[in-house]
Amino acid sequence: MGKILMKGNEAIARAAMLGGLEAFFGYPITPQNEVPEYLSRYLLEEGKVFVQAESEVAAINMVYGAAAAGFRTMTSSSSPGIALKQEGITYLCGSELPCVISSVMRGGPGLGSIQPSQSDYNQATRGGGNGDYHVIVFGPETIQETIDILKEAFDIADYYRNPVMVLVDGLIGQMMESVDLTKPVKKRFLPEKDYAANGTKNHPGERHIINSLYLESNELEHHNLSLKKKYDLATANETRVELINMNDPDYVIVAFGTMARVCRSAIEKLAEKNIRVGMIRPISLWPFPSSVFETMDAPHLKGILCVEMNLGMMLTDVLVANNGRHSVGFFGRAGGVVPDPDEVVDAILHFNERVVK
Amino acid sequence: MEVKYKKTKGLTDSPLSYCPGCTHGIIHKLVAEVLEELGVLGESIVIASVGCSVFSYRFFNCDAVQSAHGRACAVATGIKRNLPDHVVFTYQGDGDLASIGIAETIHAANRGENITVIFVNNAIYGMTGGQMAPTSLIGQKTTTSPMGRMAEVHGSPLHISEIFSQIDRVAYLERVSVFNPRQVRNAKNAIRKAFTYQVEKRGFTMVEVLSSCPVNWGMTPVDSLKWIEEKMVPVFPLKVFKDKGVENNV
Amino acid sequence: MPIKGYLTFESEKCKGCGLCVAFCPVKILYLDKNTLNQQGYPIVKITDPDKCIGCASCALMCPDSIITVEVKN
């Protein structure tokens, strides 16, 4: 089919359908409205399920229901809406149910703004729900990468029986880029959904119960440990990172999503000033690519600069992964401000003023 | 000898977790009997809510999904939309449905989701130890209205069935009780009709059942049934609020 | 010939709530304080089985479905 020009949010919707989406439950919130709008036409045209719920809380619980019945299901929202979904997300994790969540970040906290931001990094990677759980989170940089990840997201969710979140920001959601919808997806062995609550007539002799309640603490600990096994497996298999310009750099930038794109331009500008800057671009935000910080071969490295569209969240993961090896600096803009390349260049040039003690 | 009455196959063998004399047990029995009689246990899915009936997924002899507090009707929507020929029902108390979950419930009704809601109204939060519920009566003493519910401070009892009767896509809606054998038989008829309408794809059906809470009301099981009859029924009259089946025939 | 009823109780699951006792129209059921089941509840018993008319009101009102009613004409 070749390349077509597509808006980010619509690409998210189409990619989800290509990924096998069967039931979508959403709610209006800027800057992701085109996702439900697109699906409200094309999903129904394919005879699949689309419901605009009465709230983001209701939508995630509808996802929980569809997933409990064994269907490929998804919701989409933005920052405050994702905040409302946190309880539902931890129920999905606790009941080991797969689903895909698309989050299009906007400025916060509170009502915040509708401009692009990365200030939900902690919300996504630490989670706002209760209990020991993780959501597998990807932070794509381009609409193409968003499409490729979304087409695979349902397989990953089904494989781990856990929610998968694709975390972009309003800029990626709202801009248009030329994309190829036909790139092949990695094949995975996916077990049967033999847990689904779809009526004992489909599995005579045994009742299927989808539940996250374990009143007996040893039982719940056992359950937590089995969830942890899954999360360790995901850490081993689903960690994704891109390394750019990393042979013998003077500095290394760590940035994801839209911020990484801005930093690519900054790296070119710095090269013109004979300052060699590499970049570690996490694609999976959880699991965070910590190992590249250990294996990095950078004998002349002056420092690592974490660059985000928030006031320092991925910074924590960078500090932990760096483990004191190199000095770490931070540069970030908040509130929906997207820094331009020169600001990043300036931050590198004045790295010492930005070092985090 | 002929068996006139025995335990229904619609219930599992797990002993019920309810307090002695709590009429949750009777309501469970009626729902289970109806599902057995309609022959739909194999395609039934109960959405267990959060409250005393949180363990209903152990008691109904069909597949079950335990939902977050208040969200049962949203979960049911997510299931029924994908399994339109299955029998999907929620079993919710007044805290779950009339308080935290009223938005999900009223919108499921408004969308006309083809599900059945069993709404057990015992005017109190039972599982958590007797707090005031939206349906607690004026003057009713609870652990969070220790001097009795006062309208000017705590608002008045919430009339769910009356409210839901205004919603177009509701196909069948009745308030019943179980405080004596006649009421139990009538309640079963209402529950049978609700599930029958679901099977016939008529839309949203709900049966509100006035139920007891001996322990938290501080009464014997028998006295608590009298309290329903003498105190609750005047505030929550027992009647059919909506019956699209009849309206169409008329 | 009037209908004759025969009751069987799953006494281990009885919670001694007394609803059956209260609604038996011929008043032949009682809770035996001296016979407790494993759960520690006084279980329901019959005073005079011959008077049972098989109406099943007891079984209808039993929240725990422990009563089976059989009838013979």
Side-chain angles (χ1 to χ4, degrees), chain A residues 22-25 27 43-44 47-73 75 85-92 94-95 97 99 129-130 195-215, chain B residues 9-10 12-14 17 35 39-50 54-88 90 100-111 113 115 127:
Chain A
E22 293 171 293
F24 178 86
F25 307 94
Y27 189 77
L43 209 49
L44 287 188
K48 297 199 173 126
V49 169
F50 170 88
V51 175
Q52 177 175 308
E54 59 271 25
S55 72
E56 290 94 344
V57 177
I60 192 71
N61 280 285
M62 292 176 189
V63 162
Y64 177 88
F71 289 83
R72 288 198 148 186
T73 181
T75 186
K85 293 179 191 288
Q86 293 303 312
E87 183 199 37
I89 291 171
T90 150
Y91 265 71
L92 281 149
S95 309
L97 292 175
C99 76
N130 55 308
Y195 56 82
N198 52 17
T200 49
K201 70 176 181 188
N202 294 317
H203 39 81
E206 55 166 15
R207 289 192 310 124
H208 287 178
I209 299 168
I210 303 295
N211 165 50
S212 57
L213 179 66
Y214 297 82
L215 276 184
Chain B
K9 290 199 191 59
T12 65
D13 296 335
S14 308
S17 52
L35 294 175
V40 292
L41 279 169
E43 57 248 40
S44 293
I45 300 162
V46 58
I47 317 303
S49 63
V50 172
V54 65
F55 296 121
S56 55
Y57 61 83
R58 293 183 187 161
F59 308 136
F60 288 112
N61 194 13
C62 59
D63 276 1
V65 177
Q66 208 285 315
S67 78
H69 193 35
R71 317 307 174 197
C73 282
V75 174
T77 300
I79 293 173
K80 185 73 184 199
R81 290 279 179 137
N82 287 288
L83 295 173
D85 298 326
H86 278 59
V87 172
V88 177
T90 71
I100 187 171
I102 195 166
E104 281 79 3
T105 309
I106 207 163
H107 281 284
N110 196 52
R111 291 189 302 268
E113 298 296 340
I115 60 174
M127 170 65 90

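As the structure is a computational prediction, the values presented were derived from the model and not from experiment. Letters A, B, ... are given to chains in the order of the sequence lines, protein chains preceding strands, and every chain is numbered from 1. Side chains included, hydrogens not; waters and symmetry mates left out as well; all remaining heavy atoms used.
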Is it true that atom NZ of B/K9 has more than 12 heavy atoms of other residues, nucleotides or ligands lying nearer than 6.0 Å?
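No, the 6.0 Å shell around NZ holds no more than 12 heavy atoms from other groups.
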Mind ranking B/E43, B/R58, B/H86 by heavy-atom pairs under 4.5 Å with chain A and telling me who comes out on top?
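Of B/E43, B/R58, B/H86, B/H86 has the most heavy-atom pairs under 4.5 Å with chain A.
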Least distance between heavy atoms, [X] atom then [Y] atom:
| X | Y | value |
| --- | --- | --- |
| A/E22 | B/N82 | O-OD1, 4.2 Å |
| B/V54 | A/L213 | CG2-CD2, 3.9 Å |
| B/V65 | A/A197 | CG2-CB, 3.8 Å |

Can you name the residues of residues 69-77 of chain B that have some heavy atom under 4.5 Å away from a heavy atom in chain A?
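Expected list: B/H69, B/R71, B/A74, B/V75, B/T77.
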Got a second to check how far [X]'s [atom1] is from [Y]'s [atom2], nearest 0.5 Å?
| X | Y | atom1 | atom2 | answer |
| --- | --- | --- | --- | --- |
| A/I209 | B/F60 | CD1 | CZ | 12.5 Å |
| B/R81 | A/T73 | CZ | OG1 | 12.5 Å |
| A/K201 | B/S44 | NZ | OG | 9.5 Å |

Student check: side-chain heavy atoms of A/E54 and B/N110 closer than 4.5 Å
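No, too far: nothing below the 4.5 Å cut-off.
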Are B/L41 and A/T200 side-chain neighbours, meaning at least one heavy-atom pair lies under 4.5 Å?
no
Taking side chain as everything from C-beta outward and backbone as N, CA, C, O, which of these in A/F24 sits under 4.5 Å from a heavy atom of chain B? Side chain, backbone, both or neither.
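Neither part, no heavy atoms under 4.5 Å.
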For a side-chain hydrogen bond (donor to acceptor under 3.5 Å, both in side chains) with B/D63, tell me which candidate from A/H203, A/H208, A/R207 qualifies.
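Output: one option passes, namely A/H203.
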List, one per line, each side-chain donor-acceptor pair under 3.5 Å for residues 55-63 of chain A, sequence neighbours excluded.
| residue | atom | partner | partner atom | Å |
| --- | --- | --- | --- | --- |
| A/S55 | OG | A/V57 | N | 3.2 |
| A/S55 | OG | A/A58 | N | 2.9 |
| A/N61 | ND2 | A/V57 | O | 2.8 |

Residue selection (most heavy-atom pairs with chain B, distance under 4.5 Å) from A/S95, A/A66, A/A68, A/A67
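Answer, by heavy-atom pair count under 4.5 Å with chain B: A/A66.
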